There are 2 protein chains.
Amino acid sequence: MTHRTVGHPAGLPDDPRANVTAPTPECPVEITLSALHGRWTTLVVRELLRGDRSYSELRAALPMLSDKVLSDRLAHLGEAGVVERDRRPGWPPRVRYTLTPTGHRLGPVLQALWDWGAEVSARDRGAESGPETGTVH
Amino acid sequence: MTHRTVGHPAGLPDDPRANVTAPTPECPVEITLSALHGRWTTLVVRELLRGDRSYSELRAALPMLSDKVLSDRLAHLGEAGVVERDRRPGWPPRVRYTLTPTGHRLGPVLQALWDWGAEVSARDRGAESGPETGTVH
DNA sequence: CTGAATCCCTGCCGATACTG
DNA sequence: CAGTATCGGCAGGGATTCAG
């Protein structure tokens with residue numbers, strides 16, 4: 001997809017991808033959603049935003065996440081350029097998962113997702129207290 | 001899920017939802033992803049960010065989107081509090097779809113998604129030209 | 001410890017047809 | 001014009017098992 005729209009200040013005002021009429025892989029929004037696609041994916045990224053992790057540390061942090069899905073997610077995030085695997089030599093096998101610089105930049109994206117959801121849930125709870133804001137990265 | 005992590009300035013520094021260990025519906029990030037969930041959803045929102053639309057205007061703007069999926073998306077976005085239906089009396093039936101104030105605030109979210117994807121695709125094309133930035137809302 | 005392979009089941013989405 | 005009803009294919013993801 002693509003998302004250029006009405007009145008606005010800066011930016012590339014006429015990126016052709018802002019006018020795609022179907023969910024194509026070239027649209028930046030699709031690229032990002034594709035990287036974050038799948039259940040558990042954002043939680044894995046959150047965990048790695050907090051620091052590098054081993055496979056078993058990720059399992060411990062997300063106990064309900066199965067091995068299959070965890071390796072699927074790590075492989076997918078690897079292909080997306082978000083996560084890097086550092087295989088340390090020796091025995092037993094030690095592997096560290098870390099975010100690439102690109103992956104690190106997902107922090108503001110998750111932050112934006114958090115902020116909107118927090119605002120909605122605050123509104124749904126009825127109270128109109130001060131605006132919420134968490135910090136992901 | 002939830003996404004509070006390492007160093008950061010403002011915000012609710014200890015929202016318990018930042019530490020959920022499974023994809024629960026209470027996590028703000030999940031709330032947002034749930035609202036945007038499904039193919040074509042972001043494109044429908046983009047179209048409505050540009051202004052209110054009738055059903056057939058949406059179909060015309062997104063020709064490859066089937067009736068079934070379009071009404072699914074509009075219903076889902078309605079339940080999510082993003083879209084409102086204004087049924088105008090008379091014949092033939094005239095219905096306008098508009099974003100709620102909450103829906104309007106998805107603009108920055110889509111912008112964040114756009115920015116990350118644009119940066120990635122720029123990097124993938126190899127050139128390191130100036131940073132891209134589109135404007136959604 | 002770090003995964004990959006398999007199986008099965010569910011839910012999404014696309015196409016087609018039909019209604020108020 | 002603005003949708004709903006129905007069906008089928010396929011991919012996502014959970015549990016289990018096996019391998020380096």
Side-chain angles (χ1 to χ4, degrees), chain A residues 1 20-25 27 29-30 33-45 47-48 52-80 82-98, chain B residues 1 20-25 27 30 33-45 47-48 52-80 83-98:
Chain A
M1 302 129 182
V20 295
T21 63
T24 70
C27 173
V29 171
E30 283 300 309
L33 290 178
S34 164
L36 295 177
H37 172 256
R39 206 150 115 79
W40 295 96
T41 305
T42 56
L43 281 176
V44 171
V45 173
E47 220 42 53
L48 292 173
D52 62 308
R53 294 284 188 273
S54 69
Y55 188 87
S56 23
E57 284 170 343
L58 288 171
R59 281 205 311 192
L62 306 170
M64 315 288 286
L65 174 55
S66 74
D67 277 340
K68 176 196 187 289
V69 176
L70 176 54
S71 31
D72 282 355
R73 292 300 172 266
L74 290 171
H76 179 246
L77 290 170
E79 292 168 14
V82 170
V83 162
E84 186 153 15
R85 281 167 61 148
D86 296 334
R87 186 178 299 272
R88 323 253 306 194
W91 189 265
R94 296 265 164 189
V95 181
R96 294 252 107 194
Y97 290 94
T98 72
Chain B
M1 326 170 145
V20 296
T21 62
T24 70
C27 173
E30 283 301 308
L33 290 178
S34 163
L36 294 178
H37 175 256
R39 205 163 180 246
W40 293 99
T41 305
T42 57
L43 282 176
V44 171
V45 173
E47 219 43 51
L48 292 173
D52 62 307
R53 294 283 188 273
S54 69
Y55 188 88
S56 25
E57 284 169 342
L58 288 171
R59 281 205 311 192
L62 307 169
M64 316 289 287
L65 174 55
S66 75
D67 277 341
K68 175 196 188 290
V69 176
L70 176 54
S71 31
D72 282 355
R73 292 299 171 267
L74 290 171
H76 179 246
L77 289 170
E79 292 168 13
V83 162
E84 186 152 15
R85 281 158 72 139
D86 296 335
R87 188 178 299 271
R88 323 252 304 192
W91 188 266
R94 297 265 164 189
V95 181
R96 295 252 106 194
Y97 289 93
T98 70

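Keep in mind that what you see is a predicted model, and the values were worked out from it rather than measured.
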- [ ] Search all heavy atoms of A/T21 against all heavy atoms of B/L62 and return the closest pair with its distance.
- [x] O-CD2, 3.7 Å

- [ ] Starting from P on C/dC13, measure out to CG on B/L43 and report it in whole angstrom.
- [x] 13 Å

Open item on the list: Rounded to whole Å, how long is the line connecting atom CZ of A/R59 with atom P of C/dG3?
Closed with: 10 Å

- [ ] May I have the distance from B/L65 (atom CG) to C/dG14 (atom P), rounded to whole angstrom?
- [x] 8 Å

Task: Side chains of A/L36 and A/V82 in contact at under 4.5 Å (non-hydrogen atoms) - done: no

Task: Interatomic distance, B/H76 NE2 vs C/dC13 C1' [rounded to whole Å] - done: 14 Å

Open item on the list: Does C/dC13 have OP1 or OP2 under 4.0 Å away from a side-chain N or O of B/R73?
Closed with: yes

Open item on the list: Rounding to an integer number of Å, can you tell me how far A/D72 CG sits from C/dA5 P?
Closed with: 10 Å

Open item on the list: Judged by each residue's nearest nucleotide on DNA chain C, which is more toward the 5′ side, A/V95 or B/S66?
Closed with: A/V95

TODO: Working to the nearest 0.5 Å, report the span between CG of A/L33 and OG1 of A/T41.
DONE: 11.5 Å

TODO: Test A/L65 against A/L43 for side-chain contact (heavy atoms from CB on, under 4.5 Å), laying out the working first.
DONE: CA-CA 10 Å; A/L65 174 55; A/L43 281 176; over 6 Å; no

TODO: Mind checking A/S56 for me? I need base, sugar-phosphate or nothing, with any heavy atom below 4.0 Å counting as a touch.
DONE: sugar-phosphate

Task: Test item: B/Y97 and B/V44 side chains (from C-beta on) under 4.5 Å apart, heavy atoms - done: no

TODO: May I ask you to decide whether A/R59 forms a salt bridge with A/E47, counting only side-chain N to carboxylate O separations under 4.0 Å?
DONE: no

Task: Contact nearer the 5' end of DNA chain D, comparing A/W91 with A/M64 - done: A/M64

Open item on the list: Does A/R96 reach a base, just sugar-phosphate, or nothing at all? Heavy atoms under 4.0 Å.
Closed with: nothing

What nitrogen or oxygen pairs link the protein and nucleotides 6-11 of chain C at under 3.5 Å?
none

Task: Outermost DNA chain D nucleotides near chain B [under 4.0 Å, heavy atoms] - done: D/dC1 to D/dT6

Open item on the list: I need the B/D67 CG to B/Y55 OH distance, nearest 0.5 Å.
Closed with: 3.5 Å

Using residues 83-93 of chain B as the side-chain source, report each donor-acceptor pair under 3.5 Å to any protein atom, sequence neighbours left out, with the distance given to one decimal.
none

Open item on the list: I'd like to know if B/R39 pairs up with A/E30 as an ion pair, taking the criterion as any Lys NZ or Arg NE/NH1/NH2 lying under 4.0 Å from an Asp or Glu carboxylate oxygen.
Closed with: no

Open item on the list: Students often get this wrong, so: under 4.0 angstrom with heavy atoms, is B/R88 touching a base, only sugar-phosphate, or nothing?
Closed with: nothing

Open item on the list: Can you measure B/R87 atom CZ to C/dG20 atom P for me and round it to whole angstrom units?
Closed with: 14 Å

Task: Distance in angstrom units between B/L70 CG and C/dC13 P, rounded - done: 13 Å

